[in-house]
Amino acid sequence: MGISAAGIKRLVVKVGTSTLTYPSGQLNLRRSETLIRVLSDLANRDMEVLLVSSGAIAVGMGKLGFLERPKDVPGLQACAAVGQCELMYYYDKHFGEYNRTIAQILLTSQDLLGEESCHVVNTLERLLQSKIMPIINENDTVSVSEILHGDNDTLSAQVARLIKADGLVLLTDIDGFYDRDPRLGVGARLVPFVNIQDEGLNGSVNGAGSSRGTGGMRTKLEAARVAVPAGVRTFVLNGADPEILYDLLDGSAVGSE
């Protein structure tokens, strides 16, 4: 089965910390500005686009001049509080250059359960109807689950499932799923189409790939296991050049599904 995302109308794009920032915690301006331009252009195609953005902690570290990630949860939450302001200021400024209005949505895991999830869905649906692009992150100042475990991969899958998205793209710092960790040496093979039911994959995927992120391929596999059974096609792509989204949506064989 070849990878083609033709026909996707409602798309959730999750961008990871290692894609958005340099090791210093400063934003990778070239990459992030390209991402903003591409997402704005996809919206111009009359696609409904939601962005799930990591990066608040790393940006906060950069803003505060921290050379190392804090080891205590309150320290991480403080960085998130500072970084979220900086990140949303940046998004608002640059999406505005393309006449795109954005909205900040901060969620906790409890917001996605039971009756509470209806309120989230209703808000997101109204924003999309109004041609406003939601930018979603976990509310790290009051919730620690993403700080400790998920790096927004699971959150993006839960959102995609709730709003009945057609597709979910996880932008990361490698080309897709491999049969072994490509950073550990030669011989790793890219897997274009992944059978998420294969329990053998659990032993071949890694944790966080950089000191700034907390997810890695393990959480991307878990995200796919949330999204795919709900009918959301899930793709893992290298976000080094966000224009890869054009390739995917135009039917090129890139990344992993």
Side-chain angles (χ1 to χ4, degrees), residues 9-17 19-21 27 32 35-36 38-40 42-43 47-60 76-77 79-96 98-147 149-171 213-215 219 223 226-227 230 232 234 239 242:
K9 170 71 174 175
R10 177 172 287 188
L11 178 67
V12 176
V13 176
K14 183 265 177 177
V15 60
T17 299
T19 301
L20 275 180
T21 66
L27 279 168
S32 56
L35 175 65
I36 288 167
V38 170
L39 296 183
S40 298
L42 294 181
M47 290 184 64
E48 295 176 332
V49 181
L50 301 89
L51 175 62
V52 177
S53 176
S54 296
I57 291 176
V59 171
L76 293 168
Q77 291 178 304
C79 285
V82 172
Q84 189 66 28
C85 293
E86 191 82 356
L87 197 56
M88 290 306 298
Y89 171 80
Y90 180 84
Y91 279 138
D92 187 52
K93 179 178 184 293
H94 289 280
F95 273 108
Y98 298 102
N99 297 315
R100 285 287 151 197
T101 301
I102 64 168
Q104 176 180 249
I105 308 291
L106 295 176
L107 299 173
T108 69
S109 57
Q110 293 302 310
D111 296 323
L112 301 174
L113 299 175
E115 292 184 3
E116 293 299 318
S117 66
C118 296
H119 302 305
V120 175
V121 171
N122 290 341
T123 300
L124 292 174
E125 290 287 357
R126 180 58 60 89
L127 290 171
L128 293 172
Q129 290 168 12
S130 302
K131 307 297 183 183
I132 297 169
M133 185 178 298
I135 299 184
I136 301 166
N137 194 1
E138 185 156 1
N139 192 351
D140 292 333
T141 59
V142 299
S143 173
V144 300
S145 60
E146 185 256 326
I147 287 176
H149 303 296
D151 199 31
N152 275 329
D153 292 323
T154 300
L155 176 66
S156 66
Q158 291 170 330
V159 168
R161 174 178 58 82
L162 282 173
I163 65 163
K164 298 179 171 59
D166 304 305
L168 167 64
V169 173
L170 305 172
L171 293 176
T214 59
T219 55
V226 171
V232 183
T234 301

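- Asp166 contributes a side-chain N or O that, together with a main-chain N or O of Lys9, makes up a donor-acceptor pair within less than 3.5 Å.
- For the pair Leu50/Leu128, a side-chain contact is recorded, criterion being any heavy-atom separation below 4.5 Å from C-beta on.
- No side-chain heavy atom of Leu20 sits less than 4.5 Å from a side-chain heavy atom of Ser54.
- For the pair Lys131 and Thr101, the minimum side-chain heavy-atom distance is 4.5 Å or more.
- In this structure the side chain of Ile105 reaches within 4.5 angstrom of the side chain of Leu127, judged on heavy atoms.
- Counting heavy atoms from C-beta outward, Val159 and Leu107 have side chains that approach closer than 4.5 Å.
- To the nearest 0.5 Å, atom CG of residue Leu168 and atom OG1 of residue Thr234 are 4.5 Å apart.
- Looking at every heavy atom in both residues, Ala43 comes nearest to Val49 through N-CG2, 4.3 Å.
- Put simply, the side chain of Ile57 does not reach to within 4.5 Å of the side chain of Thr17, judged on heavy atoms.
- If you take CZ on Arg126 and OG1 on Thr123, they are separated by 9.0 Å, rounding to the nearest 0.5 Å.
- Under the 3.5 Å distance criterion, the side-chain polar atoms of Arg10 are matched with a main-chain donor or acceptor of Ile163.
- Between Val52 and Ser156, the shortest heavy-atom distance links the atoms CG2-CB, 3.8 Å.
- Considering only heavy atoms from C-beta on, Ile136 comes within 4.5 Å of Leu124 through its side chain.
- Annotation for Ala165 and Val232: closest pair O-CG2, 3.4 Å, computed over non-hydrogen atoms.
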Under 3.5 Å, side-chain donor or acceptor atoms of residues 81-94 against the rest of the protein: list the pairs with distances, not counting sequence neighbours.
from  : atom 1 : to     : atom 2 : distance (Å)
Gln84 : OE1    : Asn137 : ND2    : 3.0
Gln84 : NE2    : Gln104 : OE1    : 3.1
Glu86 : OE1    : Lys63  : NZ     : 3.4
Tyr90 : OH     : Ser32  : OG     : 2.9
Tyr90 : OH     : Glu33  : OE2    : 3.4
Tyr91 : OH     : Ser53  : OG     : 2.8

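- Taking the side-chain contact (heavy atoms from CB on, under 4.5 Å) definition, one finds that Gln110 meets it with Thr108, Leu113, sequence neighbours left out.
- In plain terms, the two heavy atoms of Ile102 and Ile132 that are nearest each other are C-CG2, 3.8 Å.
- Shown here for Ala56 and Ala80, the closest heavy-atom pair between the two residues is CB-O, 3.9 Å.
- The two residues Leu112 and Gln158 have their closest heavy-atom pair at CD1-OE1, 3.1 Å.
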Working for side-chain contact (heavy atoms from CB on, under 4.5 Å), residues Leu39 and Tyr98: CA-CA 10 Å; Leu39 296 183; Tyr98 298 102; over 6 Å; no
